[in-house]
Amino acid sequence: MKRIVLFASGSGSNVENIVRYFHNEPNVTIAAVLTNKRDAKVLERCNNLKINGLYFNRNAFYTTDCVLDILKTFNPDLIVLAGFLWKMPEKIVRSFPGKIINIHPALLPKYGGKGMYGNHVHQAVKDSGDIETGITIHYVNENYDEGAIIAQEKVAIKSNDSTEKIAEKVHALEYEHFPKTIAKLLGLSMASPETQK
Ligand code: GRF
């Protein structure tokens, strides 16, 4: 049995997509979804999907070993950051070497680092005049968006695409490729995956 723990800070559409993808896979358990936002929509999704949704605050994450200890009890094969906005504390990164991955909504090393999240990324891409953007799935280390790259996927953008349109294109890539990459990392060959948008 492969065990996944997810982290998210907001809507959690990627979380839902990943949960649905693995729904009929008997060898995968989504042990829990952890969030740093008490009112994040992802908690509502967890409720509907009937999976554990847990909230933690800054103190539990950075000052105490509370989140680390909870993670250890879940004994995850993979920790997946899917729209999680806080930097992972060093002690967590060191406790799960090679087991924490993140998705970034652009083609790293461009448009990464502190402050580069959500719409800020898409705005920066638009302002740059780039003709393509994409997603980067990478391992997590102690610095934002700097771990080794696992996979990148690209999509063309037009100069008149709004940031909302760019976000939509990026989300489509995420829904298609993030669960598949997770399955691959876990060494699973998925027969008939369910995905949703
Ligand atoms: C995604 O675009 C992800 O790449 C970024 O945050 C967004 C999260 O979206 N890091 P959602 O919460 O999964 O809808």
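Counting starts at 1 for both ligands and their atoms, in listed order. Keep in mind that what you see is a predicted model, and the values were worked out from it rather than measured.
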Quiz question: by atom type and distance under 3.5 Å, do the side chains of Glu174 and Asn14 form a donor-acceptor pair?
yes
Looking only at side chains, do Arg45 and Ser11 share a donor and an acceptor under 3.5 Å apart?
yes
Nearest non-hydrogen atom to atom 11 (P) of ligand 1 belongs to which of Ser13, Gly118, Gly83?
Ser13
Which atoms from ligand 1 have a heavy atom of Ser11 less than 4.0 Å away?
12 (O), 14 (O)
Looking only at distances, can you tell me whether any N or O atom of Asn14, backbone or side chain, sits closer than 3.5 Å to an N or O atom of ligand 1?
yes
Checking a contact table here: which protein heavy atom is nearest atom 9 (O) of ligand 1, and how many Å away?
His171 NE2, 3.2 Å
For the pair His120 and Tyr117, name the ring-plane relationship: parallel under 30°, tilted 30 to 60°, perpendicular over 60°.
perpendicular
Within 6.0 Å of NZ in Lys91, more than 12 heavy atoms from elsewhere
yes
Restricting to non-hydrogen atoms, name the atom on Pro179 and the atom on Asn17 that form the minimum distance, rounded to 0.1 Å.
CG-ND2, 3.4 Å
Close approach, Ile103 and ligand 1, non-hydrogen under 4.0 angstrom
yes
Min N/O separation Tyr175 to ligand 1 under 3.5 Å:
no
Taking the inter-plane angle between the rings of Trp86 and Tyr62 on a 0 to 90° scale, is it parallel (under 30°), tilted (30 to 60°) or perpendicular (over 60°)?
tilted
Is the closest heavy atom of Ala8 to ligand 1 under 4.0 Å?
no
State the atoms of ligand 1, each with its element, that fall below the 4.0 Å cut-off from a heavy-atom position in Glu174.
1 (C), 2 (O), 3 (C), 4 (O)
Quick one: nearest non-hydrogen protein atom to atom 12 (O) of ligand 1, plus distance?
Gly12 N, 2.7 Å
Distance-only N or O hit between ligand 1 and Val170, under 3.5 Å:
no
When you check the gap from the basic side-chain N to the acidic O, do Glu44 and Lys41 get nearer than 4.0 Å?
no
